[in-house]
Amino acid sequence: MNEKYLTYLRQNKKKIGLSTVILIFLIVLGVFIFNNMESNISPKTSNNTVYVTGDGSGNFTCDGIDDQVEINQALEYVAKNPQFSTVHLKGPNTYVISNSILIGSNIILEGDDTAVVKLKDNANWPVGKPMITQMDSNGIYGVTIKGFEINGNHDKNEDRKRGQGYYNMIKFLDSKNIDVHDMYMHDGHGDGLRVERGSNIKFYNNRVYKLGHDGLFAIDCLNVEAWNNRITCRTNSGLRVWNSNHVKFHDNAIDSFYHWSAGGSGIQIEKTTGVVSDIEVYNNTIYNTYGPGIWLIGYGEAYPREEAQNVHIYENTLYDTGTNPSIDWVGGIVTSGFYDTLVERNVFDGVYHGAIIQMYPPSSEDTDNSVDLSPQGTGYSTIVRDNIIIDTQKRKKDPDGTGYAVINYLPETHSFVLENNCLYNNEGGNYKNASSATDIYVNPLFVNQNKHDYRLKSNSSCIGAGYLSSNSSTELEESGNNTNIGRY
């Protein structure tokens, strides 16, 4: 070894030793600081969750002002660190937001049922800006939002109109695999969940109350399912799809908040372009809606039959629907512009205007952008089979000539096929521009109509009187191999 180098080491032994000690100390300190930072982010459990709180007990702490800042920091951290999957909002706490919450793909945003995301007073946001939306404008996938409350704070933001695109609660574009469930969404200006150009959308176990537009609004989507939701409409529909296909709406309870400004239909199926040929609406209870219980509307340029057909509406209960005193297109089911719609095994009790009606409004209710809602084709048909229609009332607006079980206001372009229905005590009569050779006209003898128990008593004439090829509602003990009329 070089003698000069050895001499240098002997002369600087103390300095080199001190430098080595300092270097080791800095390395240890760096490791400690890194681990400490990780421990501040990492959950105290092993479920890959980052916690947001209002009391300092979580990984990110909000103070009730601009709380989207800390929530977005947590969501960004999870997006950049794939070992984490979930951001959890701890309650009880109200998280007041002055800007949008931004979520990335493959992330769960969840919360305690006492955690509330609330729009600030006088937010003054531009149209189209939602409360919760995606980080990446190019698209989003694999997102779950569950468990907490969203308060749209409508009454402290009354400078904005309802139903005009303001303050949608959750909005995604170009998305797939979206689950929203076990949420409480209320008092908003816009939609609860709005998805445009999406697929595999699930909306379930939610409570939705007094929003400014639709509870769920899916536009140009595929594979949409909504079930077990409890929805009270204020301005528009509970569940709505537009130019969407492979849709199932089932086991929901939908009514309306009764007010002069209250909304439209319980469920809305709308077609202008695209294919709408696989829609199922079943096992829902729809009642006291301001508009129709269920509204099917096809309009715009003429389209081929295969683009608007085979909507199947079955085993639903609709009562007292169509209470709106200001419009005439109320009823149980209002339909136009669809081919081969099958309506079977439903119960209609005390609905206004008519149980099943072929008609369309004269124009859209949006007076700022009036749209012609008339279908442009012919040959539209609705098959009505094994339904019970009882105690239909006259509508509140222009009641003369209403209150029938079945009404066709469009006989030149639309038709009914009526098979094995039970019609009884309908105020205006049974048919308007329609007829049947197989319907019966007797009291169906419900177990308890006043309590909306629409099961049939054992001596009901509806037992075994259904359409022979119908494949459900079979009660072998009482009717052999025949089917019953009605939902049960």
Side-chain angles (χ1 to χ4, degrees), residues 227 248-254 266-267 279-287 293-294 310-321 331-333 335 340-351 354-357 381-393 404-407 416-427 429-431 434-488:
W227 72 96
K248 293 183 178 181
F249 289 161
H250 60 95
D251 299 284
N252 301 285
I254 305 174
I267 293 175
I279 310 289
E280 291 185 67
V281 179
Y282 60 97
N283 287 350
N284 300 286
T285 299
I286 304 174
Y287 60 101
I294 301 172
N310 299 332
V311 176
H312 192 189
I313 302 172
Y314 60 101
E315 295 180 359
N316 302 281
T317 297
L318 298 94
Y319 63 87
D320 299 330
T321 58
I333 298 173
T335 178
D340 305 321
T341 301
L342 177 57
V343 179
E344 63 175 344
R345 304 189 305 276
N346 304 283
V347 173
F348 301 84
D349 177 14
V351 303
I356 307 167
I357 308 168
S381 61
T382 301
I383 302 164
V384 180
R385 176 186 296 162
D386 291 345
N387 300 281
I388 296 176
I389 304 173
I390 186 171
D391 293 339
T392 301
Q393 307 176 69
Y404 292 87
V406 180
I407 302 175
F416 279 115
V417 176
L418 304 174
E419 298 172 318
N420 297 74
N421 302 286
C422 176
L423 315 180
Y424 180 72
N425 198 37
N426 299 296
E427 186 174 2
N430 291 322
Y431 310 110
S435 63
S436 172
T438 56
D439 288 350
I440 63 174
Y441 313 99
V442 296
N443 188 332
L445 299 180
F446 295 127
V447 169
N448 193 328
Q449 182 181 356
N450 290 334
K451 294 185 177 180
H452 308 294
D453 183 348
Y454 297 109
R455 293 174 298 160
L456 301 173
K457 293 181 179 179
S458 60
N459 59 337
S460 170
S461 297
C462 293
I463 294 175
Y467 184 75
L468 291 179
S469 66
S470 184
N471 60 5
S472 62
S473 190
T474 303
E475 298 182 7
L476 299 176
E477 297 84 2
E478 295 177 326
S479 59
N481 291 320
N482 294 329
T483 60
N484 297 340
I485 298 174
R487 180 172 177 175
Y488 302 100

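It should be emphasised that the depicted structure is a prediction, and the values quoted were computed from it without experimental measurement.
Checked against ring-ring contact (aromatic ring centres under 6.0 Å, His included), Y319 has the following partners two or more places apart in sequence or in another chain: Y287, H452. In this view, D391 and D349, N425, Q449 satisfy the side chain to side chain contact (heavy atoms under 4.5 Å, CB included) rule, not counting sequence neighbours. Among residues two or more places apart in sequence or in another chain, the side chain to side chain donor-acceptor pair (under 3.5 Å) test is passed with N448 by none. Shown here are the side chain to side chain contact (heavy atoms under 4.5 Å, CB included) partners of N310, two or more places apart in sequence or in another chain: D340. Listed by chain and number, the residues in a salt bridge (charged side-chain N to carboxylate O under 4.0 Å, His left out) with D320 amount to none (sequence neighbours excluded). Qualifying side chain to side chain contact (heavy atoms under 4.5 Å, CB included) partners for S461, counting only residues two or more places apart in sequence or in other chains: V442.
Under the side-chain hydrogen bond (donor to acceptor under 3.5 Å, both in side chains) test applied with N252, the options N283, N316, N284 reduce to a single match, N284.
Between A434 and L418, the closest heavy-atom pair is CB-CD1, 4.0 Å. The two residues I286 and T321 come nearest to each other via the heavy atoms O-CG2, 3.5 Å.
You'll find the side chain of I440 reaches within 4.5 Å of the side chain of C422, heavy atoms only. Contact of the E419 side chain with the I383 side chain is registered, since non-hydrogen atoms from C-beta on lie closer than 4.5 Å. Within the 4.5 Å cutoff, no side-chain heavy atoms of V347 are placed close to those of Y488.
Going from atom CD1 of I333 over to atom CD1 of I294 covers 4.5 Å, rounded to the nearest 0.5 Å.
A donor-acceptor pair is defined here as one N or O able to donate and one able to accept, closer than 3.5 Å; such a pair exists between the side chain of S460 and the backbone of P444. Within the 3.5 Å criterion, the main-chain N or O of Y467 finds a donor-acceptor partner in the side chain of T483. At distances below 3.5 Å, at least one donor-acceptor pair connects side-chain atoms of N421 with backbone N or O atoms of D386. Put simply, the side chain of N346 never gets that close to the backbone of L318: no donor and acceptor are under 3.5 Å apart. Side chain of N484 to main chain of G464: a donor-acceptor pair is present (N/O by atom type, distance under 3.5 Å, no hydrogens or angles).
Cation-pi geometry between R487 and Y454 is not satisfied (NZ or CZ under 6.0 Å from the ring centre, within 45° of the ring normal).
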